[in-house]
Amino acid sequence: MARTYINELGLHEGKEVQLHGWLFHKRSSGKVRFLLMRDGTGVVQCVMVKGQVPDSIFDLFDTLTQESSFSVRGKVRKDDRAPGGFELDLLDIPKIYQVAEEYPITPKEHGIEFLADRRHLWLRSTRQHAIMRVRHRIIKAIRDFFDGRGFTLVDSPILTPAACEGTSTLFDTDYFDLGKAYLTQSGQLYAEASAMAMGKVYCFGPTFRAEKSKTRRHLTEFWMVEPEVAFNDLNDDMDLAEDFLEYIVQSVLKDCLPELKVLERDITKLQNVKKPLPRITYDEAVKILIDKGLPFEWGNDLGGTDETVVSEQFDRPVMVHRYPSEVKAFYMKRDPENPKVALAVDVLAPEGYGEIIGGSQREDNLDVLLARIKEHKLPQEAFEWYLDLRRFGSVPHAGFGLGVERTVGWICGLEHVRETIPFPRMIYRNTP
RNA sequence: UCCGCGAUAGCUCAAUGGUAGAGCAUGCGGCUGUUAACCGCAGGGUUGUAGGUUCGAGUCCUACUCGCGGAGCCA
């Protein structure tokens, strides 16, 4: 008999199938017994009635504990009472792979520390399962979007000789006879080199920040996708980010409605995410903050609260562009019409989820870039290869980085990014 | 690094300074349609650690450990 998966039971209505999985939960009403099996694609209730199956099978109910692994054979029956629409009238339990020890995660509530300590088991729960499916769909949308537009995936190295932006605290490691190597905080500089080779590129990989950030928006290890396009200016960059976000959100809405329902996500907020996204300047953002009575001085970066207040003025992600150059990275090009601001853009997600995209047009003039490196007191030697990009056919170019976990957190409507990645790394947790 | 909150049964939480409790989980029993099933019985505790105040401390005080949330920094 063909092996079947729970999410395909509808194709086998009235027929006998075999499933392999784990015991999610069980209930009994005396002579009617219910085994809820999960197999990674869903959960199905297997029903057995005393007298209709051999007693040797009926009594296995007592043997099976939560998360025991086993297989069942049964007949698929449509049933309106079943959450998935189908039930299995159980005929046989051909194999018990293992009777699980007492499982620590019960259907009742648990605290976050308890669950985090058992993250490897927590992933089996319905809610975490839904989040991982949405995460996967988002990552697929990211790749489909760029692949469908002629971008080439050119990944950046993870071990790097120096800080990319010179500001963040990095993890370091011994690198043979060459001294220290650092875990990357951004693939961007390498993406720029790749864009000069391939035109349109993106890199997609893990990123590391050693700052002791302790908030619901921070991880020490997170995933970032960074497109970079030769001959794009800031407006092109914003156009790309806008198309990109719309594509991601609409893809999730198309394919992950069951998961969003499990997460009790208000999807009307997601349905708004369509072009055009509002674009405001940093100056206009500052005006919003001051009008709202917040103490804010021109020249500062937007803090977490500031971002929330600004994003609350809109029903979809908002692009804030032309930040003061002082608070932005050395490689961002200044606005020729106002050198006090950089041609940078941050995209703030709605509902207080904060910055999900940071990008800019890059400085393409060799002399200006050299001056910036001096101003920021960066070791010019380490950036010689990067400066070469301005020596040999320099062109205007722009790109951005999107934080995958913050995007997942926003789309799923989660309280904390720690649930958006299978095994989160935070300052006080690197296990399991 | 700074500020705030917390730690009691396997889990989630109660307990005016005066005998440490409930629900769930576990074990046993019951129930022919259960949906976090339900009903009955039972076992289960060095109240985070170390001191202190008190006739008496889970409760008050001090220090420490661990965790949570926020600030800064950032995606």
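Every heavy atom of this structure was used, including side-chain atoms; hydrogens, water molecules and symmetry mates were not.
- No hydrogens or angles were tested; on distance alone, nothing pairs the side chain of His110(A) with the base of C11(B) as donor and acceptor under 3.5 Å.
- Closest to the Lys31(A) side chain, of the nucleotides U32(B), C11(B), C74(B), is U32(B).
- Nucleotides G58(B) and A7(B) have their P atoms positioned 15 Å apart, rounded to a whole Å.
- When the nearest nucleotides of RNA chain B are assigned to Phe34(A) and Tyr103(A) by heavy-atom distance, the more 5′-ward of the two goes with Tyr103(A).
- Under the stacking criterion of a centre-to-centre distance below 5.5 angstrom and an interplanar angle below 30°, Phe222(A) sits stacked against the six-membered ring of A75(B).
- With U12(B), C74(B), U34(B) as the candidates, the nucleotide lying closest to the side chain of Glu87(A) is U34(B).
- In this structure, the nucleotide among C68(B), G33(B), U26(B) sitting nearest to the side chain of Glu102(A) is U26(B).
- OP1 or OP2 of G69(B) has at least one side-chain nitrogen or oxygen of His416(A) nearer than 4.0 Å.
- Between Lys212(A) atom NZ and C74(B) atom C1' there is a gap of 17 Å when expressed in whole angstrom units.
- Looking at Glu113(A), its side chain has no donor and acceptor atom pair within 3.5 Å of the base of G6(B).
- Across all strands shown, the partner of C38(B) is G30(B), judged by Watson-Crick or G-U wobble contacts whose two distances both fall under 3.5 Å.
- Nucleotides G4(B) and U8(B) have their C1' atoms positioned 23 Å apart, rounded to a whole Å.
- A donor and an acceptor atom never sit less than 3.5 Å apart when one is taken from the side chain of Ser213(A) and the other from the base of C74(B).
- Between Tyr97(A) and Trp22(A), the distance from one ring center to the other does not fall under 6.0 angstrom.
- Here Leu36(A) lies out of heavy-atom contact (under 4.0 Å) with every strand.
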Given the rule in the salt bridge (charged side-chain N to carboxylate O under 4.0 Å, His left out) test, do Glu221(A) and Arg209(A) qualify, once you have shown the distances and angles that lead to the verdict?
CA-CA 7 Å; Glu221(A) 176 181 325; Arg209(A) 303 280 165 89; over 6 Å; no
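- Note: Phe383(A) and Tyr386(A) have perpendicular aromatic rings, judged against thresholds of 30 and 60 degrees for the angle between ring planes.
- Nucleic acid contact for Asp346(A): none, since no nucleic acid atom lies under 4.0 Å from a heavy atom of the residue.
- To the nearest angstrom, P of A25(B) lies 10 Å from CD of Gln66(A).
- Taking atom P in both U54(B) and G72(B), the straight-line distance is 46 Å, to the nearest Å.
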Between Arg77(A) and Glu87(A), is the salt bridge (charged side-chain N to carboxylate O under 4.0 Å, His left out) condition met? List the steps.
CA-CA 5 Å; Arg77(A) 177 170 43 76; Glu87(A) 286 191 342; 2.9 Å; yes
Decide salt bridge (charged side-chain N to carboxylate O under 4.0 Å, His left out) for Glu363(A) and Arg372(A); before the verdict, give the C-alpha distance in whole Å, the side-chain angles of both, and the deciding distance to 0.1 Å.
CA-CA 9 Å; Glu363(A) 181 53 66; Arg372(A) 294 278 173 277; 5.3 Å; no
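- Among the protein residues, Gln45(A) comes within range of the nucleic acid bases, having at least one heavy atom under 4.0 Å from a base atom.
- Following rounding to the nearest Å, Lys50(A) (NZ) and G33(B) (P) show an atom-to-atom distance of 16 Å.
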Quick one: do Tyr103(A) and Phe24(A) satisfy ring-ring contact (aromatic ring centres under 6.0 Å, His included)? Show the steps, please.
CA-CA 11 Å; Tyr103(A) 193 64; Phe24(A) 192 61; 9.4 Å; no
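- Here the P atom of nucleotide C2(B) and the CD atom of Glu211(A) are 18 Å apart, to the nearest Å.
- In a base pair of the Watson-Crick type (N1 to N3 plus N6-O4 or O6-N4) or a G-U wobble (N1-O2 and O6-N3), with each distance short of 3.5 Å, A7(B) is matched with U65(B).
- Taking the P atom of each, G6(B) and C28(B) are spaced 41 Å apart, rounded to whole Å.
- As judged by a 4.0 angstrom heavy-atom cut-off over every strand, Ser28(A) is placed among the base-contacting residues.
- Set against G72(B), C74(B), G33(B), the side chain of Thr215(A) has G72(B) as its closest nucleotide.
- In this structure, His25(A) reaches the sugar-phosphate backbone alone: every heavy-atom distance under 4.0 Å involves primed, P, OP1 or OP2 atoms, never a base.
- For Ile427(A) and Asp89(A), each mapped to the nucleotide of RNA chain B holding its nearest heavy atom, the one lying further toward the 5' end belongs to Ile427(A).
- Nearest to the side-chain atoms of Thr106(A) among the listed nucleotides G70(B), C31(B), A25(B) stands A25(B).
- C13(B) and A25(B) are spaced 14 Å apart, taking the C1' atom of each and rounding to whole Å.
- Distances from the side chain of Glu355(A) to the nucleotides A75(B), C11(B), C31(B) place A75(B) closest.
- Nucleic acid contact for Arg127(A): none, since no nucleic acid atom lies under 4.0 Å from a heavy atom of the residue.
- Base-pair partner of U47(B): not found among the strands shown (Watson-Crick or G-U wobble, both distances under 3.5 Å).
- When the P atom of C13(B) is taken as reference, atom CD1 of Ile112(A) falls 12 Å away, rounded to whole Å.
- G21(B) and A42(B): their P atoms are spaced 14 Å apart (whole Å).
- Summarising the geometry, the separation between CZ on Arg27(A) and C1' on A25(B) is reported as 16 Å, rounded to the nearest angstrom.
- Donor-acceptor pairing under 3.5 Å is recorded for the side chains of Thr65(A) and Ser68(A).
- Nucleotides A63(B) and U53(B) place their C1' atoms 15 Å apart, quoted to the nearest Å.
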Could you go through the side-chain contact (heavy atoms from CB on, under 4.5 Å) check for Leu23(A) and Leu36(A) one step at a time?
CA-CA 6 Å; Leu23(A) 186 67; Leu36(A) 276 76; 5.5 Å; no
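- You'll find that the side chain of Arg81(A) is closest to G33(B), out of A71(B), G33(B), C73(B).
- Checked by distance alone, Arg406(A) brings a side-chain donor or acceptor within 3.5 Å of a matching partner on the base of C74(B).
- No engagement by Arg33(A) is indicated, since no non-hydrogen atom pair under 4.0 Å with the nucleic acid exists.
- What separates CG of Leu88(A) from P of G33(B) is a distance of 20 Å, to the nearest Å.
- Across all strands shown, U1(B) forms a Watson-Crick or G-U wobble pair with A71(B), both key distances being under 3.5 Å.
- Asp255(A) and Lys140(A) are not joined by a salt bridge, as no carboxylate oxygen comes within less than 4.0 angstrom of a charged side-chain nitrogen.
- Per the geometry, CG belonging to Leu170(A) stands 13 Å off P belonging to A75(B), to the nearest Å.
- Of the listed nucleotides (G69(B), C11(B), U32(B)), U32(B) has the atom at the smallest distance from the side chain of Val32(A).
- Arg429(A) comes within 4.0 angstrom of no nucleic acid atom, judged by non-hydrogen atoms across all strands.
- Shown here, G18(B) forms a base pair with C55(B); the pair counts as Watson-Crick or G-U wobble because both key distances fall under 3.5 Å.
- Listed pair Arg418(A) / G69(B) meets the phosphate criterion, a side-chain N or O lying under 4.0 Å from OP1 or OP2.
- Comparing the C1' positions of A50(B) and U65(B) gives an interatomic distance of 11 Å, to the nearest angstrom.
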